[in-house]
There are 2 protein chains.
Amino acid sequence: MSPRPGIDRLQLLQSAAELADQGGLHAVTLAALAGKLGVRSPSLYNHVDGLSGLHAALTLHGLQTLHEQMLKAVAGRSGEDALRFVCLTYVDFARSHPGLYEAALQPLRPDQQETQRVGNQIVELLLRILTPYQLSEPEALHTVRTLRSLCHGFSSLERSGQFALDLDLDDSLNFMIRIFIDGLHQQNSQR
Amino acid sequence: MSPRPGIDRLQLLQSAAELADQGGLHAVTLAALAGKLGVRSPSLYNHVDGLSGLHAALTLHGLQTLHEQMLKAVAGRSGEDALRFVCLTYVDFARSHPGLYEAALQPLRPDQQETQRVGNQIVELLLRILTPYQLSEPEALHTVRTLRSLCHGFSSLERSGQFALDLDLDDSLNFMIRIFIDGLHQQNSQR
DNA sequence: TTATAATACTAATATGATTAGTTTACGACG
DNA sequence: CGTCGTAAACTAATCATATTAGTATTATAA
């Protein structure tokens, strides 16, 4: 069935992720990846659908990896503890794999349904964490959007160097999480 | 002093912004911009320092425009009203000028001091809005980072199509702002 | 009217994406 | 052990873009 082993797909994705982590997403070129894999660039067309296909594959891979990390983070935790820890894990992922994270949050085209699916899994994971707060369904969904906005915004601004002032970043992150949790409690008690 | 009029810099920036708004930042190429301006691409080197210089110029232009909008938004407003309105204005800017906004939040290189400066102006604007809350200096700075994370995260995720569910986006935005303001009050009363 | 200086141009080179067509190598099967 | 099929890799060629070098142009100022 497989006349020739060829390039391992996982190795391809990891190499692409390394390129992204080192030089940003725009450093992920077919030429660079081919060089890294010891192959000529046209050969990559046997494995990915051109450059845009490579980027799409990296988006999916990044989102899946992020989802796994978040799953591990909430395992055995609940309530405020889980909420806090999943945020810290999210930001840690973005810090440790800046290029892969950048890829993960690229605008997705409507045909990337698998990527959509993983995105939905992340939403569901966050919804599960929020169950103790007994929110209505739309409230819970607004809360998930808020949570994602916070985590992504922080990660993105941090990576872009927009937090330039001499002020501890982890302090800011913890402050932010506290604001969110306090606001959520307040929201809860207002009903 | 000016032997030949040549290309108007504002027109150049506006054309580049249009390209970005229509096709994303990666559609801002020297070739496309030259075509739009009715000129050959090497001619652009008289006005910008190559493609990366063009992107840097667009970053600055975007940040300046965003700052102006935020200034207008807070004029004649104060307290919670100002806070809410500046968030809405921020998100509105990102929606109305997606490409220019994308450019504005590009990672900035250390040599772009003018861009740094405008970023600092935005931070100062937000600090002024927060004065009624009587926060300590580090708290105020953490709060600004939180606010920026919220607004940028929401704008960025919205644009990337990550908020796919059938749930009103403005409702989410207003919910998010309320969570933030409630959390901030809570923070305040805990001291 | 002419000199100057900024601007725009053409030509050429380099890098990367992509396609077409060819060759190679591994595994299955007689 | 040989050969056959298939997927993978290759070379060659084309296209688009960025960039540099060098030349021509043109508006203003003297």
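In what follows, chains are A, B, ... by sequence order, proteins preceding strands, each numbered from 1.
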Distance in angstrom units between B/L44 CG and C/dT10 P, rounded: 13 Å

All heavy atoms of B/D21 vs all of B/S96, minimum pair found to be OD2-O, 4.5 Å

Could you state the CZ-P distance from A/R40 to C/dT23, rounded to the nearest angstrom? 17 Å

Report yes or no: do A/H152 and B/S156 form a side-chain donor-acceptor pair below 3.5 Å? yes

Would you please confirm or rule out a distance under 4.0 Å between OP1 or OP2 of C/dC9 and any side-chain N or O of B/S43? yes

With distance as the sole test, does B/S41 use its side chain to make a donor-acceptor pair with the main-chain N or O of B/L30 at under 3.5 Å? no

Which nucleotide, D/dT20, C/dT18, D/dA9, lies nearest any side-chain atom of B/Y45? D/dT20

Check DNA chain D against residues 29-39 of chain B and give the residues with a non-hydrogen atom under 4.0 Å, in numerical order. B/T29, B/L30, B/A31

Protein-nucleotide distance (B/D49, atom CG; D/dT20, atom C1'), rounded to Å: 13 Å

Any chance the rings of B/Y90 and B/Y101 have centres within less than 6.0 Å? yes

Within the 4.5 Å heavy-atom criterion, are A/R148 and B/Q162 side-chain neighbours or not? yes

Proximity of B/F180 and A/F180 rings by center, below 6.0 Å: no

C/dA17 C1' sits how many Å from A/L54 CG, rounded? 12 Å

Rounded to whole Å, the CZ-P distance (B/R9 to C/dA6) equals 16 Å

A/H47 has its side chain closest, among C/dT7, D/dA9, D/dA12, to D/dA9

Find the distance B/L51:CG to C/dG16:P and express it as a whole number of Å. 14 Å

Please tell me which of the listed nucleotides, C/dT18, C/dA8, D/dT19, lies nearest to the side chain of B/I7? C/dA8

Regarding B/R145 and A/D171, does a basic nitrogen lie under 4.0 Å from an acidic carboxylate oxygen? no

Is there a donor and acceptor pair closer than 3.5 Å between the side chain of A/N46 and the base of D/dA7? no

